[in-house]
Amino acid sequence: MKQQGKDLGLCLCSVCRQLNGSDDSHCGRCGSELHVRDYSSLQKSWALLITAAILLVPANLYPITVLTNQGKVRHDTIFSGIVHLVQSDMLPIAIIVFIASILVPWVKIIGLATYLCAISFNLPISKKKLMVGFHIIEWIGRWSMLDLFVISLTVALVNMGQLLDAKPAPAATAFALVILLTQLAAKVLDTRLLWDRLENQDDTN
């Protein structure tokens, strides 16, 4: 059985990465409060993830952009906007929007849910594979704002006054919150809980 830092009476500072004694209340280097394990982080992460999953519904059902062209108003959801881009022979942009707006949020939510379920319900899944997946989720999270950037850029380019006007719709706010909450759900989680709660035989898988 492999020993962990807490078994040796050690605690790592999450701020400066200094090793301290597990009995210490504050880091001897930077003075930050020490936690051998943050067990409340699991509940916080679940709450943020569930809220993000709920907000993903209005983010996809409601319009994300409103385009006014010569008095005619066009409301586009994420999906209808992608279809419109394909019909306008802008397939590369449509692919980018699809990946950033549909694929990435769902992958993040499903991936984080799997990770949290593995900890909460002690699922016999390889810890190393889960950690690799978790790091991938953190990496793709950096690109989650790409769709909102595309929307902002589109609004800036096509907004030409009274004849042609573009602006974000309510779904843009919901989508931005989905991105923020999934990022926070991954950020607040103490990943050391994974190594504590799963079976020891999965360490080498």
Side-chain angles (χ1 to χ4, degrees), residues 1-56 59 99-101 103-149 173-205:
M1 179 178 178
K2 296 180 181 180
Q3 286 187 312
Q4 295 178 314
K6 66 174 185 175
D7 301 323
L8 302 174
L10 299 174
C11 180
L12 182 67
C13 176
S14 60
V15 178
C16 69
R17 317 307 290 179
Q18 167 77 8
L19 274 177
N20 299 269
S22 57
D23 294 331
D24 297 335
S25 60
H26 291 80
C27 176
R29 176 189 286 171
C30 67
S32 300
E33 189 175 357
L34 296 174
H35 300 280
V36 177
R37 294 292 186 271
D38 185 4
Y39 294 102
S40 66
S41 68
L42 185 60
Q43 287 75 29
K44 294 174 186 175
S45 189
W46 267 121
L48 291 167
L49 185 63
I50 291 171
T51 305
I54 293 172
L55 285 172
L56 195 59
I99 293 174
S101 304
L103 187 62
V104 168
W106 279 108
V107 168
K108 287 175 63 179
I109 288 176
I110 294 173
L112 284 172
T114 302
Y115 193 90
L116 293 175
C117 284
I119 299 174
S120 299
F121 305 110
N122 219 20
L123 301 181
I125 305 175
S126 167
K127 299 177 184 179
K128 290 184 178 180
K129 291 178 181 178
L130 284 171
M131 283 305 302
V132 170
F134 186 78
H135 291 314
I136 291 173
I137 289 171
E138 287 187 312
W139 182 82
I140 64 176
R142 303 173 187 176
W143 303 96
S144 298
M145 294 297 290
L146 186 59
D147 184 57
L148 292 179
F149 172 75
T173 302
F175 186 78
L177 288 173
V178 169
I179 296 169
L180 177 63
L181 293 174
T182 51
Q183 286 292 88
L184 288 175
K187 188 70 175 177
V188 302
L189 181 64
D190 188 347
T191 56
R192 295 173 298 182
L193 295 174
L194 173 69
W195 304 94
D196 292 341
R197 298 196 177 190
L198 294 186
E199 295 296 331
N200 292 325
Q201 66 223 31
D202 294 322
D203 284 345
T204 56
N205 290 345

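Atom set for the values below is all heavy atoms of this structure, side chains included, hydrogens, waters and symmetry mates excluded.
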Out of curiosity, [X] [atom1] to [Y] [atom2], how far, rounded to the nearest 0.5 Å?
{"X": "His135", "Y": "Leu130", "atom1": "NE2", "atom2": "CG", "answer": "11.0 Å"}
{"X": "Ile125", "Y": "Tyr115", "atom1": "CD1", "atom2": "OH", "answer": "11.0 Å"}
{"X": "Leu181", "Y": "Lys108", "atom1": "CG", "atom2": "NZ", "answer": "9.5 Å"}
{"X": "Asp24", "Y": "Leu19", "atom1": "CG", "atom2": "CG", "answer": "11.0 Å"}
{"X": "Met131", "Y": "Ser126", "atom1": "CE", "atom2": "OG", "answer": "11.0 Å"}

Those residues at least two apart in sequence (or on a different chain) that pass side-chain hydrogen bond (donor to acceptor under 3.5 Å, both in side chains) with Glu33 are none
Sequence neighbours excluded, the answer for side-chain hydrogen bond (donor to acceptor under 3.5 Å, both in side chains) partners of Thr114 is none
Using the test side-chain contact (heavy atoms from CB on, under 4.5 Å), find all partners of [X] that sit at least two apart in sequence or belong to another chain.
{"X": "Ala185", "value": "Ser45, Leu48, Leu49, Leu112"}
{"X": "Leu177", "value": "Leu55, Thr173"}
{"X": "Leu56", "value": "Asn60, Pro105, Trp106, Ile109, Val178"}
{"X": "Cys117", "value": "Trp46, Phe121, Leu123"}

So the salt bridge (Lys or Arg N to Asp or Glu O under 4.0 Å) pairs with at least one residue in residues 39-52 (sequence neighbours excluded) are none
For residues 173-190, the salt bridge (Lys or Arg N to Asp or Glu O under 4.0 Å) pairs (sequence neighbours left out) are Asp190-Arg192
TODO: Taking the side chain as every heavy atom from C-beta outward, state whether Ser120 and Leu42 have any atom pair closer than 4.5 Å.
DONE: yes
Minimum heavy-atom separation for [X] to [Y], with atom names?
{"X": "Gly28", "Y": "Asn20", "result": "N-OD1, 2.9 Å"}
{"X": "Cys27", "Y": "Gln18", "result": "SG-CB, 3.9 Å"}
{"X": "Ile179", "Y": "Thr182", "result": "O-OG1, 2.9 Å"}

